[in-house]
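I have placed the structure first, in the form of structure tokens, so that the comments after it can refer back to it.
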Amino acid sequence: MSVTVEIGRRDDRPPVPPGGAGWSCPKCHQPADPAAVRANLQVCPACGYHLRIGARERIAQLVDQGGFRERWAALKTLDPLEFTDLETYPERLREAQAKTGLTEAIVAGTATIASVQCVLAVMDFGFMGGSMGSVVGEKLWRAAEMAATEGLPLVAVCTSGGARMQEGILSLMQMAKTTCAVDVINEAGVPFVAVLADPCTGGVVASFATLADICVAEPGALLYFSGPRVIAETTKEELPADFGTAERNLALGHLDAVVARTELRDKLANYLRLLEGGGTPERIRARRARSRSPRGLVDATARRAKALAAHARRPFGRGDREAVYTPQDIEA
Amino acid sequence: MSVTVEIGRRDDRPPVPPGGAGWSCPKCHQPADPAAVRANLQVCPACGYHLRIGARERIAQLVDQGGFRERWAALKTLDPLEFTDLETYPERLREAQAKTGLTEAIVAGTATIASVQCVLAVMDFGFMGGSMGSVVGEKLWRAAEMAATEGLPLVAVCTSGGARMQEGILSLMQMAKTTCAVDVINEAGVPFVAVLADPCTGGVVASFATLADICVAEPGALLYFSGPRVIAETTKEELPADFGTAERNLALGHLDAVVARTELRDKLANYLRLLEGGGTPERIRARRARSRSPRGLVDATARRAKALAAHARRPFGRGDREAVYTPQDIEA
Amino acid sequence: MGEEIERLSTRLKTLRHEKRRHDAWLTVQIAREKDRPRTREYIALLIEGFEELKGDRLRADDRAIVGGLGWFEGQAVVVIGHQKGRTLDEQQMHNFGMARPEGYRKAQRLFRLAERHKLPIFTFVDTPGAYPGIAAEEGGQARAIAETMRNMARLSVPVIATVIGEGGSGGALALAVADRVLMQENATYSVISPEGCAAILWRDAEFAPQAAEALRPTASQLLALNVIERVVKEPRGGAQNNPENAANEVRQALRETLAELVAIDPAARRAQRRERFRKLGAFSEGSVAGAVINALPSLSPRPQRDF
Amino acid sequence: MGEEIERLSTRLKTLRHEKRRHDAWLTVQIAREKDRPRTREYIALLIEGFEELKGDRLRADDRAIVGGLGWFEGQAVVVIGHQKGRTLDEQQMHNFGMARPEGYRKAQRLFRLAERHKLPIFTFVDTPGAYPGIAAEEGGQARAIAETMRNMARLSVPVIATVIGEGGSGGALALAVADRVLMQENATYSVISPEGCAAILWRDAEFAPQAAEALRPTASQLLALNVIERVVKEPRGGAQNNPENAANEVRQALRETLAELVAIDPAARRAQRRERFRKLGAFSEGSVAGAVINALPSLSPRPQRDF
Ligand SMILES: [Zn+2]
Ligand SMILES: [Zn+2]
């Protein structure tokens, strides 16, 4: 039922940073060569400002060469509420599709990140503000289910303005649905790592994204449930200048780390290997067999190969169980 | 091995409030008839100030007539560290025993509280400041184990200045030991209710006492881990006037309720019945059989009898399990 | 005559449309009605021997959420609900039913209590939404809501949520990841308030009635979308006109629903709860003819009452 | 001659007593030595690919406790420890290793991560005690410590605690409800600081050396009391004189202890952990002759080293 699409190591249509040839950083205003900015993963070489990137470019940055197979690309949103504001929902969808070349605000599939196989789901803020409707929820569910079934870790790169109002209550229900998807993951004992990119707000940050085993954000990313405008209108409180930034969230205990985009790929691979370090010998053997496939090891560095070997050595001992969670396992 | 002692409904040596015949409240300074104060459970009739009471008087206030059998009374503290400061530890123990008529800072046994059978452990601040040493820890362990084994709820009335320094590291270890005792209780799925009386501090409030299913305190009770003197010395911070009070702790989310001593008995019975309301039909039948013994129902009021009947009706449904906890069940 | 038919048909369509809008907006008004019974009123009318249990065991007791233990028809239950209050003083004390992270964490710790002692859980949903304050945000509002949902999803005990007023956004859903969601006839439940939706999509909050219509927030509409299981009748004009009668309708719905849930094995109940939320959504899986998944029943609004 | 024997014998007793006091107090000084390696140093020396994981997921990241994931000899482990810091700036940043409730809750959430992914846990204990501040108290210090202990007790994964400096009171114990407790030769572990004990019992903090002797806080004394399982050797004069060597001793102890624990079934391991703490205490059960329970081995302090 699902359609698979190959995306190369480098996106063949990388978004040129705003301004084209005469680009200068929106933060530090330093001019830079767009090609150099692209080569620096769309991060300003002068000040480290992280530009927003689309789902396909993100995938290209993270995965090994040829290391992504898209799944569930045929899933299409319906218009269950026949929603019309100033435009109809189908009109808005068509515009978003034309603008991004995507069918929905999320792209998901199987991936290899620095030789570690995983399921990867990446959101795209350019598609209706990365809003979460039925298709985003369903793809996340399927990604989680595949991770659980195949014993693969799940990586989600999240950027979203929140729920998709045009699907009304059903968009709200995606918060519960994706939360249940995390429960599926936890029950299977497979790792789940979330990367929050600018901006990540509303229903996404208040559901699956912040329930990951490890939750990191890109520098400067804005993260909040209620936005500054709503807060100001409702409470008249004055917001701190760095309200909602990744750095502030880190200090407030809500993130494991802030990770620069240039380090993200290696960090993700290390996180995944470490979290799998406690799996059963069976699972590790299975994983190892998969990782030995030629493609998986193409660009593995010596360090990674060493970690992989160490990973395989790891005996955990007897009595280790696959299913970690029980119905009674209500944790904070 | 354990010795049982009967304590009557009313203590035959009730502590006269300080000042004897000419008593006046240490808080509101209103004079009152000592007998009236005793009849009011050692609570000032004018302002509601709760006087400190010893373990035996507390038990007499809480249990039904003839409804307490002391257990483990023969447990005696050793002097494992041969501890000597200005006095030896054995000397301090003898003084405390002479002063209180107790062998240790805790009295424990089986009890009937407003017709509800339970295991009851009551601390005594008069015995070396209610400090927790090896015997306090062991009695709590045995009380918890009996509760778990017999399917009885545990009620602990806690008042303590903290760990007993004269037992050195072994007193510290009682924090871990009593915490493990709570785990025994939780694993068995039996209710545990703690009452914090003035003062309850240090190692007791940082171990079993605050891990109860329901944790209430008496009005005005002081509750803290580190005391005002230590805080002032270490941090030079100025303490709020109501620092550590039960009322402030309630507002800070650390207590379920503040319960006046005059309502404590009925509240405890209601809490225990409610928490047992989800037990298996088998356990309820067993409890009901016990509760039907003549003594158990002697002073049951119509309301209590009704609640008891309702309690027995309660069908929970299939698939209900005795052991609620699994090793994986790490909760907040 | 064909022209006249067309003209009348258009007119009828317009009128039906206007009636839908009127009905949706009217329901929003009733759901917010100041005198409407709140969680505490329902607790007083439905629960015997209620013992309130306060606090999140971390740093605060959030009065926008009330919780405790009590007897429902002889069965001990844990009850948790948003509390709005009726008078202005009460409303301020309860922060208009807008919970902070501390409130959601109080709910979580009461879930654990229920789970440990195998007590069914009733939640009452009545909130404009989670509180959008700086301290609430920085105290982890997002994750508090997410965790509350996840912990509800994991419960092995039966959970029934009843929407009794406004079911506003994630702040409402956090108490509604239940086995069954009941909803009073005049309650609403939506992803965003009509005013908020209008301000964003129409760029003018005055279009709230239009947004209310578009969001389909009423009980009968949500029943058609499978988002709730049951509409609970209210006295004519709304629950505030006869709270006892309203409570009796809720009581009957809770009794029947609980009996249904108790008959299910806990593990199966939990699996079904997850499946319930898994199924919510409307999408098709392209290329394959007839492979439309999660198609919905007709949404044509049925008239619910006459005013 | 009998008189001379008595005189010499008394003199010897006094000298031995003074030596014990001297040794205890000296160990307290070494345990607090500013240049002594701290948790971060041991992580750097023992753990490969360490990834620090911050935050309690509630409201703060307490820098008095550091935690994360890393490889220990090819096995992924979760590491959690008090962090004191060495320079004054570092010490202030880490609040001298005195954790707030946020720190203990960070430890708890890392326990959950370890449990979910079946990773063994290493803790490093090095704190004068939990932070005694108003906000810490009011933020639930007492329950945070209690919960941390309970959650450690419940873990099904292996847990090894190593006391590497000061093991001060409940704030230390909160990270030491472990399957095995290791302790460096010059570390201390006690219910209260010698100064605090002296201030209360001698009514004068100047009697700290006397209190240090009375509390028996040294590794060899605690081994005799069954409070720890193993004394880890240090380089002559203390770990600060050769951190690599000190770390290698810790590495060997951790390796051997982990191997021992991994061979035990998780449920049995958890039961044994509970039993370990259950047995700690010294009491007799009166009337019955010979019924002395938990009698201890001789406490006569054995000389550990020459200075
Ligand atoms: Zn720049
Ligand atoms: Zn008075």
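Throughout, protein chains are lettered first and strands after them, A, B, ... in sequence-line order, and every chain is numbered starting at 1. Every value quoted in this text rests on a predicted model; they were computed, and no experiment measured them.
- With a 4.5 Å cut-off on non-hydrogen atoms, D:L173 touches chain B through its side chain but not through its backbone.
- B:L170 and D:A282 make their closest contact through CD1-CB, 4.1 Å (heavy atoms, listed as atom of the first residue, atom of the second, distance).
- Counting only distance, with no hydrogens or angles, the side chain of B:S226 and the backbone of D:P132 share no donor-acceptor pair below 3.5 Å.
- The distance from the CG atom of B:L172 to the OG atom of D:S169 is 5.5 Å, given to the nearest 0.5 Å.
- D:F283 CZ to B:L78 CG: the interatomic distance, rounded to the nearest 0.5 Å, is 8.5 Å.
- When all heavy atoms of D:M149 and B:M175 are compared, the closest pair comes out as CE-O, 3.7 Å.
- Residues of residues 83-91 of chain B having a heavy atom under 4.5 Å from any heavy atom of chain D, listed by number: B:F83, B:T84, B:D85, B:L86.
- Contacts between B:V184 and chain D at a heavy-atom distance below 4.5 Å involve backbone atoms as well as side-chain atoms.
- No side-chain heavy atom of D:K279 sits under 4.5 Å from any side-chain heavy atom of B:K177.
- Counting all heavy atoms, side chain and backbone alike, D:Y131 lies closest to B:E237 at OH-OE2, 4.4 Å.
- Counting only distance, with no hydrogens or angles, the side chain of B:K76 and the backbone of D:S284 share no donor-acceptor pair below 3.5 Å.
- Within the structure, every pair that satisfies the salt bridge (Lys or Arg N to Asp or Glu O under 4.0 Å) test and touches residues 219-231 of chain D, not counting sequence neighbours, is listed here: D:E229-D:R276, D:R230-D:E256.
- Heavy atoms closer than 4.5 Å to chain D are found nowhere in B:R164, neither backbone nor side chain.
- Atom CG of B:N249 and atom CZ of D:R143 lie 12.5 Å apart (nearest 0.5 Å).
- Interface remark: D:E138 contributes backbone and side-chain atoms alike to the contact with chain B (heavy atom separation under 4.5 Å).
- Looking at D:E137, its side chain does come within 3.5 Å of a backbone N or O of B:F225 through a donor-acceptor pair.
- Screening D:R154, D:R150, D:R273 for a salt bridge (charged side-chain N to carboxylate O under 4.0 Å, His left out) with B:D183, the sole residue that qualifies is D:R154.
- Within residues 192-203 of chain D, the residues having any heavy atom less than 4.5 Å from a heavy atom of chain B are, in residue-number order, D:I192, D:C197, D:I200, D:L201, D:W202, D:R203.
- Between B:S207 and D:A146, the shortest heavy-atom contact is O-CB, 3.4 Å.
- Of the atoms belonging to B:E104, not a single heavy atom falls under 4.5 Å from chain D.
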#### Entry: salt bridge (charged side-chain N to carboxylate O under 4.0 Å, His left out) between B:E167 and D:R216, worked out
CA-CA 10 Å; B:E167 295 187 27; D:R216 301 185 187 260; over 6 Å; no
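- In terms of heavy-atom pairs under 4.5 angstrom with chain D, the leader among B:F243, B:W141, B:Y224 is B:W141.
- Contact record, B:A206 with D:I145: O-CG2, 3.9 Å, taken as the closest heavy-atom pair.
- Contact between B:M173 and D:V227 at its shortest, heavy atoms only, is CE-CG1, 3.8 Å.
- Legend: residues meeting salt bridge (Lys or Arg N to Asp or Glu O under 4.0 Å) with B:E247, ordered by chain and number and at least two apart, are absent.
- Here B:E238 contributes atom CD and D:I134 contributes atom CD1; the two are 8.0 Å apart, rounded to the nearest 0.5 Å.
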### Task
Would you sort out whether D:R274 and B:E187 count as a salt bridge (charged side-chain N to carboxylate O under 4.0 Å, His left out), showing the intermediate values?
CA-CA 12 Å; D:R274 200 193 266 174; B:E187 203 173 63; 3.2 Å; yes
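- Side-chain contact between D:L215 and B:I169 is absent, with no heavy-atom pair separated by less than 4.5 Å.
- Salt bridge B:R142/D:E285: present, at least one basic N to carboxylate O contact under 4.0 Å.
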